[in-house]
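Computed over heavy atoms, backbone and side chain alike; hydrogens, waters and symmetry mates excluded. First listed ligand is number 1; within each ligand, the first listed atom is number 1.
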Amino acid sequence: MREKWDWSDARPATKAVWGGEDGPWPGRATQVPVVHSVSFGYDDVDSWFDVALGKTPGHIYGRNTNPTVEALEEKVRLLEGAEAATSFATGMAAISNTLFALLKPGDRVVSIKDLYGGTSLLFMEFLPRFQVEVALVDTADHDAIEAEIARGCQMVYLESPTNPTLKVLDLARLAARAHAEGALVVVDNTFATPINQSPLALGADLVIHSATKFLGGHADALGGVACGRRDLVAQLFHFREVNGATLHPEAAYLILRGMKTLDLRIRQQNSSALEIAKFLESHPGIDQVFYPGLPGHPGHAIAARQMRGFGGVVSFSVRGGFQAVRALLPRLRYAHLAANLGAVETVAGPPRTTSHVELSSEERLALGIPEALIRYSVGIEHVGDLLDDLGRALHAVASEARVLS
Ligand SMILES: *Cc1c(COP(=O)(O)O)cnc(C)c1O
């Protein structure tokens, strides 16, 4: 009998492949099976009770735990260097469970204006109904965020880099300030992934992922994970057992399989995105490029310090306003025009009609989101093809504009 390995000292690429996968699985399968079973049976009442009471490991009922789902949680736990991890049906389920399990009436949360759209709605529409006060601060202003934290709060909720303008927060600085006030620090690490950024090492108490994006990487399964301090994860798990936002084993399998190539994918996407950002920056058809890997990006110095790569999302605004966005997007051959990111295929879309559609033009401008912005999530296609594709489409739009004028 081979012993169970401890993968914690392996490098990320190795954890992504092997982490959480050491069964034993039925029939000596080398791959994690999709366990389609609502409940798990026992030979006698005593062994059943031992599992129910947590004395021996095992599974009782699929809303609580499942072997396939557990393998995924362990892989993410290892990659984030967390004490514990638990999973959810979607990224938003991970976020809402975290907020509703840890906050209570009278609590105060400090967060940023550039939040993921769904998270922003939780803060603005739902939490206030439960007498939780939320302060959303200008993302670029660290002093203002620290001042809000100093006014007293129970949780500081952060994202970095942000959607869609890739603003960067100094996580170590804000975590230290939050802990000085006795507040918990929660970081949505979806855009960075554990390959590029380790918020727990920078001081966060909990890290959240929409596994739908880069972790799964193939745009074929929704899922969410939260990991970090064991006592906090236990509270999230307990709440999720009851409210039932459980990850389906089929989705867990797809994400688990996608994650085996996480390190390869992210390294390619980091390098392609940087090359594309540089190309766009010097292109006459482009107004502004938002990418933390560019030295001119306001968050570049912080990103260079706290990230190992700058990520796979580049945003840019095109000259010619929204009309130019309309003309450009359908001309891209290698991009799904869709509301997603982090996939092996390039995905492009305008925040104006997707993630920030509820906002007015003025509100978008206040967030620094130009009307002609395109969010471009770089896939793993050959970067030469993506550069050709963008160059060709921009040239066609410019020629058309000249003919029309
Ligand atoms: C997509 C996304 C979410 C929500 O994840 P779902 O799996 O779609 O529920 C949360 N945070 C960020 C940063 C995201 O990009």
Side-chain angles (χ1 to χ4, degrees), residues 69 72-73 76 80 85-100 111-124 126 136 139 157-169 171 186-197 199 204 206-227 236 240 243-248 250-252 254-256 258-259 266 269 273 290 292 307 310-315 336 338-343 347-351 354-358 367 369 373 375-378:
V69 171
L72 169 67
E73 292 167 346
V76 178
E80 288 288 4
T86 191
S87 60
F88 302 87
T90 65
M92 279 317 301
I95 294 165
S96 50
N97 275 258
T98 299
L99 299 176
F100 282 96
S111 191
I112 51 169
K113 288 201 169 132
D114 292 71
L115 284 168
Y116 178 73
T119 311
S120 181
L121 285 176
L122 282 176
F123 281 141
M124 284 154 65
F126 293 97
L136 300 184
T139 310
Y157 185 99
L158 305 171
E159 273 180 44
S160 183
T162 62
N163 179 34
T165 55
L166 291 308
K167 290 178 190 155
V168 176
L169 292 174
L171 297 178
V186 181
V187 176
D188 181 335
N189 204 29
T190 300
F191 265 53
T193 81
I195 303 303
N196 285 336
Q197 179 170 275
L206 280 173
V207 166
I208 295 178
H209 279 283
S210 167
T212 312
K213 312 290 172 55
F214 288 102
L215 293 190
H218 293 70
D220 54 5
L222 293 151
V225 179
C227 60
L236 306 191
R240 195 264 284 153
N243 76 30
T246 307
L247 181 63
H248 194 280
E250 193 83 48
L254 289 169
I255 296 165
L256 201 55
M259 281 187 70
I266 299 301
Q269 286 165 321
F290 302 83
M307 300 179 78
F310 299 106
V313 180
V314 181
S315 292
H336 285 305
N340 190 26
L341 60 99
V347 184
T354 55
S355 57
H356 292 71
V357 70
E358 294 96 355
L367 284 174
I369 301 174
L373 193 72
R375 187 183 69 193
Y376 190 86
S377 171
V378 181

Full working for side-chain contact (heavy atoms from CB on, under 4.5 Å) between K167 and I112: CA-CA 11 Å; K167 290 178 190 155; I112 51 169; over 6 Å; no
Any donor-acceptor N/O pair, E159 side chain to L169 backbone, under 3.5 Å: no
Exercise: identify the closest heavy-atom pair between P161 and F191: O-CB, 3.5 Å
Atom of V76, atom of C227 and distance for their closest heavy-atom approach: CG1-SG, 4.4 Å
What protein heavy atom sits nearest [atom], and how far away is it?
atom: atom 4 (C) of ligand 1; value: Y116 CE2, 3.4 Å
atom: atom 7 (O) of ligand 1; value: T212 OG1, 2.6 Å
atom: atom 5 (O) of ligand 1; value: S210 OG, 2.9 Å
atom: atom 14 (C) of ligand 1; value: K213 NZ, 2.9 Å
atom: atom 13 (C) of ligand 1; value: D188 OD2, 3.4 Å

Derivation and outcome, side-chain contact (heavy atoms from CB on, under 4.5 Å), residues Y157 and L115: CA-CA 9 Å; Y157 185 99; L115 284 168; 3.8 Å; yes
Any N163 heavy atom less than 4.0 Å from ligand 1: no
I208 touching ligand 1 at heavy-atom level, < 4.0 angstrom: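 No heavy atom of I208 comes that close to ligand 1.
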Which of the atoms in ligand 1, numbered in the order shown and given with their element, are less than 4.0 Å from a heavy-atom of [X]?
X: I95; result: 10 (C)
X: T90; result: 7 (O), 9 (O)
X: G91; result: 5 (O), 6 (P), 7 (O), 9 (O)

side-chain contact (heavy atoms from CB on, under 4.5 Å) between L99 and F126, intermediate numbers included: CA-CA 11 Å; L99 299 176; F126 293 97; over 6 Å; no
Location of contacts on T119 toward ligand 1, heavy atoms closer than 4.0 Å: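 Neither; no heavy atom under 4.0 Å.
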Test side-chain hydrogen bond (donor to acceptor under 3.5 Å, both in side chains) applied to D220 - qualifying residues, sequence neighbours left out: none
Residue list, side-chain hydrogen bond (donor to acceptor under 3.5 Å, both in side chains) with S315, at least two apart or on another chain: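 Partners of S315 by the side-chain hydrogen bond (donor to acceptor under 3.5 Å, both in side chains) criterion come out as none, since no residue qualifies.
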Intermediate values then yes/no, side-chain contact (heavy atoms from CB on, under 4.5 Å), L166 and F310: CA-CA 10 Å; L166 291 308; F310 299 106; over 6 Å; no
N or O contact, L222 vs ligand 1, cut-off under 3.5 Å: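 It does not: no N or O of L222 is found under 3.5 Å from an N or O of ligand 1.
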Check: M92 N/O within less than 3.5 Å of ligand 1 N/O: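 Min N/O separation from ligand 1 is below 3.5 Å for M92.
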